[in-house]
**Student:** 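Below you'll find the structure I mean.
Numbers for residues simply follow the sequence, beginning at 1.
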Amino acid sequence: MCGRFTLRSNASDLVEVFTLLREPELTPRFNIAPTTQVAVVRQDGKHRELVSMRWGLVPSWSKDPKAGAPLINARGETVATKPAFRSAFKKRRSLIPADGLIEGAKVKQLHFIPLADDRPFRFAGLWESRRGEEDDRLESCSIVTCEPNSLMAELHDRMPVIPPADLYGPGLITKSRTLRLCK
């Protein structure tokens, strides 16, 4: 599971890592929590764009976006078959920028986990769009999770899918690659 993370990196690093056309305007965030707005990189035609979305996917067919628990995570093993994620998995994949993960459910103590070089990285994500209140658009996202690696297994029984840089090209993340990363 991914319940909190950070995004402290400067905009020029995000442009480089995610091959964005323009620098995003972001404020460093040290404790990004579910149901808040998060940065999401999605494909816009031939280019990538960084947009802000609500963390907690609301399926397009949902009658009430406030009903039920927020869908902050999607299990990679079942993401292609679960009704809440199936359409987004087929058509609306994304990358969610981060530079640290905050975890510790098993040990009752929070641990901050950055990459060794403290550079930004990405979580595999899904996004959805639906008509919200007052006819505005509600765009929301979910982080794809998998079984933990040996480092994370001590802290939690799930972890975000973190695709290597060579696995996301113009089409972002392919179905077979996402499933392979989830064992």
Side-chain angles (χ1 to χ4, degrees), residues 1-58 70-76 79 85 88-89 91-104 110-129 137-146 148-149 151-152 155-156 158-174 177-178 181-182:
M1 176 168 172
C2 179
R4 295 197 184 243
F5 62 97
T6 64
L7 184 56
R8 309 160 284 125
S9 300
N10 64 50
S12 60
D13 285 343
L14 295 177
V15 167
E16 179 186 333
V17 170
F18 294 97
T19 58
L20 301 170
L21 289 179
R22 55 185 154 266
E23 280 193 9
E25 291 183 32
L26 292 174
T27 302
R29 295 180 63 196
F30 299 90
N31 188 10
I32 300 171
T35 72
T36 62
Q37 293 295 116
V38 296
V40 176
V41 176
R42 67 181 176 191
Q43 203 73 24
D44 180 26
K46 292 183 179 182
H47 305 287
R48 291 185 181 159
E49 64 177 351
L50 190 139
V51 297
S52 180
M53 292 185 189
R54 176 183 179 261
W55 182 18
L57 189 129
V58 178
L71 302 173
I72 63 169
N73 294 312
R75 292 177 79 82
V79 72
F85 303 111
F89 179 71
K91 301 174 186 169
R92 289 173 294 284
R93 297 184 195 153
S94 62
L95 299 170
I96 299 174
D99 51 29
L101 179 60
I102 301 169
E103 197 55 79
L110 294 178
H111 292 264
F112 174 64
I113 305 155
L115 291 183
D117 62 3
D118 205 33
R119 298 267 301 153
F121 56 93
R122 64 237 135 255
F123 300 140
L126 307 171
W127 67 276
E128 192 63 80
S129 181
R137 300 300 298 170
L138 170 64
E139 291 189 324
S140 59
C141 65
S142 188
I143 294 173
V144 179
T145 66
C146 61
N149 61 22
L151 170 71
M152 292 297 296
L155 303 175
H156 205 288
R158 304 290 298 169
M159 68 175 276
V161 172
I162 302 172
D166 64 337
L167 288 188
Y168 67 91
L172 292 180
I173 303 165
T174 66
R177 289 177 177 164
T178 299
L181 286 170
C182 293

**Student:** Once you round to the nearest 0.5 Å, how far does CD1 of Ile143 lie from CG of Leu126?
**Tutor:**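 If we round to the nearest 0.5 Å, Ile143:CD1 and Leu126:CG are 10.0 Å apart.
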
**Student:** Residues in side chain to side chain donor-acceptor pair (under 3.5 Å) with Ser52, at least two apart?
**Tutor:**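 Side chain to side chain donor-acceptor pair (under 3.5 Å) check on Ser52 returns Gln37.
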
**Student:** Not counting sequence neighbours, which residues clear side chain to side chain donor-acceptor pair (under 3.5 Å) with Arg92? List them please.
**Tutor:**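 By the side chain to side chain donor-acceptor pair (under 3.5 Å) rule, Arg92 matches Ser87, Glu128.
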
**Student:** Working to the nearest 0.5 angstrom, can you tell me the gap between Met152 CE and Ile162 CD1?
**Tutor:**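 Going from the CE atom of Met152 to the CD1 atom of Ile162 covers 7.5 Å.
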
**Student:** To check you understand the geometry: which heavy-atom pair defines the closest contact between Ser94 and Trp127, and what is its length?
**Tutor:**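 Looking at all heavy atoms of both residues, the closest pair is CB-CD1, 3.9 Å.
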
**Student:** Calculate, to the nearest 0.5 Å, the distance between atoms CD1 and CG belonging to Ile32 and Leu7 respectively.
**Tutor:**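 Rounded to the nearest 0.5 Å, the CD1-CG separation comes out at 5.0 Å.
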
**Student:** Can you spot which of Thr145, Leu101, Val161, Val40 makes a side chain to side chain contact (heavy atoms under 4.5 Å, CB included) with Phe123?
**Tutor:**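 Answer after filtering Thr145, Leu101, Val161, Val40: Leu101.
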
**Student:** So which heavy atom on Cys146 is nearest to which on Pro160, and how close?
**Tutor:**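 For Cys146 and Pro160, the tightest heavy-atom pair comes out as SG-O, 4.3 Å.
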
**Student:** Tell me, with the steps shown, if Arg8 and Arg29 meet side chain to side chain contact (heavy atoms under 4.5 Å, CB included).
**Tutor:** CA-CA 6 Å; Arg8 309 160 284 125; Arg29 295 180 63 196; over 6 Å; no

**Student:** To the nearest 0.5 Å, tell me how far Leu50 CG sits from Leu21 CG.
**Tutor:**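 That separation rounds to 12.0 Å.
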
**Student:** Please report the interatomic distance CG(Asn73) to OG(Ser142), rounded to the nearest 0.5 Å.
**Tutor:**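 Between atom CG of Asn73 and atom OG of Ser142 there are 5.5 Å.
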
**Student:** Search all heavy atoms of His156 against all heavy atoms of Pro148 and return the closest pair with its distance.
**Tutor:**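 Closest heavy-atom pair between His156 and Pro148: O-CG, 3.5 Å.
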
**Student:** Are the side chains of Ile96 and Phe5 in touch, meaning some heavy atoms are under 4.5 Å apart?
**Tutor:**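 Heavy-atom side-chain distance check passes, below 4.5 Å.
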
**Student:** For the residue pair Glu103 and Gly3, what are the closest heavy atoms and their distance?
**Tutor:**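 Scanning both residues, the minimum pair turns out to be OE1-N, 4.3 Å.
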
**Student:** For the residue pair Met53 and Ser140, what are the closest heavy atoms and their distance?
**Tutor:**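 Looking at all heavy atoms of both residues, the closest pair is SD-O, 3.7 Å.
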
**Student:** Show which side-chain atoms of residues 9-18 pair as donor or acceptor with protein atoms under 3.5 Å away, not counting sequence neighbours.
**Tutor:**
unit_1: Ser9; atom_1: OG; unit_2: Asp99; atom_2: OD2; d: 2.8
unit_1: Asn10; atom_1: OD1; unit_2: Ser12; atom_2: N; d: 3.3
unit_1: Asn10; atom_1: OD1; unit_2: Ser12; atom_2: OG; d: 2.8
unit_1: Asn10; atom_1: OD1; unit_2: Asp13; atom_2: N; d: 2.9
unit_1: Asp13; atom_1: OD1; unit_2: Arg119; atom_2: NH1; d: 3.1
unit_1: Glu16; atom_1: OE2; unit_2: Arg119; atom_2: NH2; d: 3.3

**Student:** Considering non-hydrogen atoms only, spot the tightest contact between Glu49 and Leu20 and give its length.
**Tutor:**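 Heavy atoms only, the tightest pair is C-CD2, 4.1 Å.
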
**Student:** Using modelled atom types only, decide if a donor and an acceptor are shared between the side chain of Trp55 and the backbone of Ala33 within a distance under 3.5 Å.
**Tutor:**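 Between the backbone of Ala33 and the side chain of Trp55 there is no qualifying donor-acceptor contact (under 3.5 Å).
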
**Student:** When rounded to the nearest 0.5 angstrom, what is the spacing between CZ in Arg42 and SG in Cys141?
**Tutor:**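 It comes to 10.5 Å.
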
